[in-house]
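Written below as structure tokens is the structure these notes are about.
Please read all numbers here as calculations on a predicted model, not as lab measurements. Residue numbers start from 1 in every chain, and the chains themselves are labelled A, B, ... in the order their sequence lines are given, proteins ahead of strands.
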Protein chains: 2
Amino acid sequence: MVETARRREIEDVASTLFREHGYAGTSVRDIARALDIQGASLYAHVTSKQDVLWSIVERAATRFETSADAASTAAASGSDAMDGIAPASVRLAALVRAHVAVVTDDIGRASVFVHEWRSLTGERRAQMARRRDAYERRFRSVIDDGVAEGAFVAVDPVVAAAFLLTSLNGIATWFRPDGRIAPAALGDAYARLAVDALRPGGAVVRAEPIAEPVL
Amino acid sequence: MVETARRREIEDVASTLFREHGYAGTSVRDIARALDIQGASLYAHVTSKQDVLWSIVERAATRFETSADAASTAAASGSDAMDGIAPASVRLAALVRAHVAVVTDDIGRASVFVHEWRSLTGERRAQMARRRDAYERRFRSVIDDGVAEGAFVAVDPVVAAAFLLTSLNGIATWFRPDGRIAPAALGDAYARLAVDALRPGGAVVRAEPIAEPVL
DNA sequence: CCTACCGATCGGTAGG
DNA sequence: CCTACCGATCGGTAGG
């Protein structure tokens, strides 16, 4: 299937509907109706409903990966590192801001990426599972490094990464682009919350080590 | 519909299937098959598919509310308050632990409560929206109090509550009851992460106030 | 992009 | 809890 403007429209409309009603809860005719065409006419542009889901999810995955790559590169060579701030904190803050930016830029697609990828089947689903896992490992690595550096508390990297990533992905469920909160401000707020949650010293609530962490 | 043992089994099975495939992605016959009965036979025990969803969601909501009530009562009269720990920190930690306990106790029902309540219709959906909102306001209030006390940074209570609650609800998507992490240890870890994320002083990452918060 | 149509499956009912 | 069945809707195809 070629990449036409109409195809883009279909994916935009489908993103919104999948986000609101889920993949299974959205019919091909629902998508068509939103575009003012007949259900069967959709097949002049797409090969299947799964195909639409795949395009949305795959494209969103690439955006998250690209954004995280850019953030990592910038954080590694950034001047912030000289301000006496631990490298891991700078890197984590950059990853968080990058993720928030992608989610807030298109909550429809981000939401489908987060919640509906499970509706993919076969090799496509397996591929997405791998890519999601690799993405999560970026967070675990930074946290692991920060713990080693002493920039972060001795936290379980798997638990901490899950804590942060679910929070980050949750933005897709409540954020309103036309709301009170600007995307950049949200990125700042989340970066601070993330880094401070891991900051060592003076924990007022006790928490024992969990078990052998596996990265 | 009376509350029989069979009815309980149906809801258990339905919770698992709704969690894995969503409400729309699960057919009445899928539920019946998991119970080794015919699709139509299910209607000897339930009045509709919506009815099953409602039971699961309503019961889960009550559990979260009851657990939070108990946590708030305990935190208010607890001896922890005398250890020089700010009341808001104690209350927030208690709320977090209570939430983690409910989620880990039955991730199937918790997961349906978190993700599938949108599939409810009419007044039931509206009621759940109200109850979810009231639940979220518990978190906002504690955060607001903590900020006033000086126990927490000057964070936007709406953003901070969303950050924490989405993280808390996310547990339902990745936690495995038979895994490496014990529920109580997870509650401890999350309570520490939550309280420390809001702890004032030494923020290494800048974050400006967002706008007029609305509680 | 349309009309006409396909077999399969959906939630649910009737009557035992 | 079963068999038999209902109308509606599903994703998708044929042929223009």
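- Taking atom CD on Q38(A) and atom P on dA4(C), their separation rounds to 11 Å, with Å as the unit.
- Distance, R29(B) CZ to dC2(D) P: 13 Å, rounded to whole Å.
- Using a 4.0 Å cut-off, some side-chain N or O of S41(B) falls inside it from OP1 or OP2 of dC2(D).
- Atom pair K49(A):NZ and dA8(C):P shows a separation of 19 Å (rounding to whole Å applied).
- Across the strands present, dG15(D) finds its partner in dC2(C); the criterion is a Watson-Crick or G-U wobble pair with both atom distances under 3.5 angstrom.
- Take the nearest nucleotide of DNA chain D for R6(B) and for S48(A): the residue whose nucleotide is more 5' is R6(B).
- Residues T66(B) and D69(B) have side chains that never bring a donor and an acceptor to within less than 3.5 angstrom of each other.
- Q50(B) places its CD atom 11 Å from the P atom of dG11(C), with the value rounded to the nearest Å.
- Residue D36(A) contributes atom CG, which lies 9 Å from atom P of dC2(C) at whole-angstrom precision.
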Query - S27(A) vs D30(A), side chain to side chain donor-acceptor pair (under 3.5 Å): CA-CA, chis, key distance, verdict - result: CA-CA 5 Å; S27(A) 75; D30(A) 289 336; 3.3 Å; yes
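- The CZ atom of F18(A) sits 12 Å away from the C1' atom of dG11(D) (whole-angstrom rounding).
- The pair D196(B)-R192(B) counts as a salt bridge, with a side-chain nitrogen and a carboxylate oxygen less than 4.0 angstrom apart.
- Side-chain atoms of R124(A) never come within 3.5 Å of backbone atoms of E58(A) as a donor-acceptor pair (strictly under, hydrogens ignored).
- When the nucleotides dT13(C), dC1(C), dG12(D) are ranked by their closest atom to the side chain of I37(A), dC1(C) comes out on top.
- To the nearest angstrom, P of dC2(C) lies 15 Å from OH of Y43(A).
- Atom NE2 in H45(A) sits roughly 17 Å away from atom C1' in dT13(D) (whole-Å rounding).
- Pairing of dG7(C), defined by two Watson-Crick or G-U wobble distances under 3.5 Å, is identified with dC10(D).
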